[in-house]
Enquirer: 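Take a look at the following structure, please.
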Amino acid sequence: MSETFYGSDFEALAAFDPDIAGVLTGELGRLRGGLQLIASENFSSPEVLTALGSTLSNKYAEGYPGRRYYGGCAEVDVAEELAIERCKALFGADHANVQPHSGASANQAVYGAFLKPGETILAMSLPHGGHLTHGTKVSFSGKWFDAVHYGVDKETEDVDYDEVERLAREHRPKVILAGGSAIPRTIDFARFRAIADEVGAIFWVDAAHFIGLVAGKAIPSPVPYADVVSFTTHKVLRGPRSGAIVCTEEHRAAIDKAVFPMMQGGPQMHTIAAKAVNFKECATPEYAEYARQVVANAAVLAETLGEHGIRPTTGGTDTHLSLHDLQGVLVTGADAEARCDAAGITLNKNAIPFDPQKPNIASGIRVGTPCVTTQGMGEDEMRRVAALIARAVVDGDADPEHAVSREVRGAVTELVDAFPAYPRPARG
Ligand code: DSN
């Protein structure tokens with residue numbers, strides 16, 4: 001360990017607290033030992049993890065750079081200023097707030113900036129691919145605000161823009177929100193902007209899922225169209241687990257006041273430093289190539305699963321994720337998730353649009369390519385991965401000792417050994 005840096009000393013932790021050290025190594029072993037296909041996860045770099053494991057975690061720094069409520073903020077000010085400038089440059093945004101602790105915290109701040117309790121928001125419904133914080137009844141967003149929801153078109157299974165327009169005209173929402181957690185297709189931001197302008201609404205994009213593809217210029221950006229864009233930093237973007245917001249100059253003061261002091265107290269300066277590192281990584285040609293490959297891999301994975309009878313909704317994907325209907329193979333989402341888990345493949349059950357099953361059973365699975373692409377896998381490997389998923393889902397069992405679980409797990413081990421997550425230094 002460098003003499004000038006203090007932190008991330010695993011040996012000291014293992015000596016003091018072998019229980020937690022065991023969890024850390026156990027989780028690393030889990031990541032390395034199986035296929036990680038959760039669309040909202042990724043493997044952040046050792047550089048990002050180093051910033052997270054630093055003494056910046058100690059610092060109280062309420063306020064913003066140069067305007068803090070505590071002394072001793074000179075060093076952390078540098079980190080936050082770098083994070084803000086890099087974020088603005090990466091997305092071509094007027095303003096960035098890098099203090100939200102998470103996607104849900106970022107979204108709370110957007111509500112705080114633009115809405116009073118009881119006012120109306122128009123957002124995508126959760127069962128059709130939205131997010132919990134987009135006005136669902138179990139979230140603050142549905143309890144404190146009047147949420148009206150649009151869904152997907154029954155034929156195309158993509159966002160029903162005509163319904164968005166109709167509901168916007170009928171309800172005159174204060175805010176119109178685009179984005180979700182299970183939308184395989186790129187979103188028509190220009191259409192949303194036109195609808196928002198017609199009814200005088202703020203246009204907000206929750207880009208948590210796809211912001212990394214925007215950073216790598218693999219798909220169109222919402223930034224030129226939206227008043228405000230909130231996002232998480234740990235999905236395709238590959239940064240620390242956290243959130244951020246970019247907005248136009250007009251909304252700078254409202255967003256900053258809503259993040260602090262309205263919704264949050266002390267910012268997590270170690271995480272902000274890690275976000276700065278991540279935004280620097282995302283500005284490189286290597287990251288742009290990564291983002292392009294994430295999309296190419298997702299397209300092949302979706303298509304090949306379809307060839308195995310596991311139908312992609314919307315007919316495929318333009319992004320990092322696809323959503324698959326299992327009704328054709330007569331397996332529920334819950335059973336598919338359990339069978340894959342037993343075979344060393346981590347993915348999640350997911351409701352599909354117009355799902356006849358309850359959400360905790362579901363008729364679908366969601367798969368994403370951020371992790372496997374970070375491992376260096378390409379289209380050939382995606383065909384192999386699709387075949388393994390299909391074998392586990394259709395013929396497998398939730399028992400890890402079942403013959404199919406063992407067979408698929410063996411093939412998964414071969415694949416992840418060839419494309420290791422967090423390769424050991426010995427491998428280069
Ligand atoms: N829980 C997250 C997801 O998996 O999509 C929502 O951002």
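Below, each value reflects all heavy atoms present in this structure, side chains not excepted, and no hydrogens, waters or symmetry copies. Just follow the structure's listing: the first ligand is 1, and inside any ligand the first atom is 1.
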Enquirer: Nearest protein heavy-atom contact for atom 5 (O) of ligand 1: which residue, which atom, what distance?
Expert: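 Result for atom 5 (O) of ligand 1: His209 NE2, 2.6 Å.
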Enquirer: Just wondering, more than 12 heavy atoms not from Arg241 lying within 6.0 Å of its CZ?
Expert: no
Enquirer: Can you tell me if Arg383 has over 12 outside heavy atoms packed within less than 6.0 Å of its CZ?
Expert: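 Result for CZ/Arg383: enclosed.
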Enquirer: Under a 4.0 Å threshold between the charged nitrogen and the carboxylate oxygen, would Lys280 count as salt-bridged to Glu47?
Expert: no
Enquirer: Only heavy atoms of Ser181, strictly under 4.0 Å: list the atoms of ligand 1 that pass.
Expert: 5 (O)
Enquirer: Heavy-atom contacts with Lys235 under 4.0 Å: which atoms of ligand 1 show up? List them by number with element.
Expert: 7 (O)
Enquirer: How are the rings of Phe192 and Tyr150 set to each other: parallel, tilted or perpendicular (split at 30° and 60°)?
Expert: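 Tilted: the ring planes of Phe192 and Tyr150 meet at 30° to 60°.
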Enquirer: Just let me know how Glu41 lines up against ligand 1, side chain, backbone, both or neither, with a heavy-atom cut-off below 4.0 Å.
Expert: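 For Glu41, no heavy atom sits under 4.0 Å from ligand 1.
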Enquirer: Going by the atom numbers of ligand 1, which of them fall below 4.0 Å from some non-hydrogen atom of His131?
Expert: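 Reading through ligand 1 atom by atom, the close ones are 6 (C), 7 (O).
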Enquirer: Which residue owns the protein heavy atom closest to atom 4 (O) of ligand 1, what's the atom, and how far is it?
Expert: Ser40 OG, 2.7 Å
Enquirer: Does the protein put any heavy atom within less than 4.0 Å of atom 7 (O) of ligand 1?
Expert: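 Neighbour list for atom 7 (O) of ligand 1 includes protein heavy atoms (cut-off 4.0 Å).
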Enquirer: Between Trp204 and Tyr111, how do the two ring planes meet: parallel, tilted or perpendicular, split at 30° and 60°?
Expert: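 Perpendicular: the ring planes of Trp204 and Tyr111 meet at over 60°.
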Enquirer: On the 0 to 90° scale, with breaks at 30° and 60°, tag the Phe203-Phe189 ring pair as parallel, tilted or perpendicular.
Expert: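 Tilted.
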Enquirer: Enumerate the atoms of ligand 1 whose separation from the nearest heavy atom of Arg366 is less than 4.0 angstrom.
Expert: 3 (C), 4 (O), 5 (O)
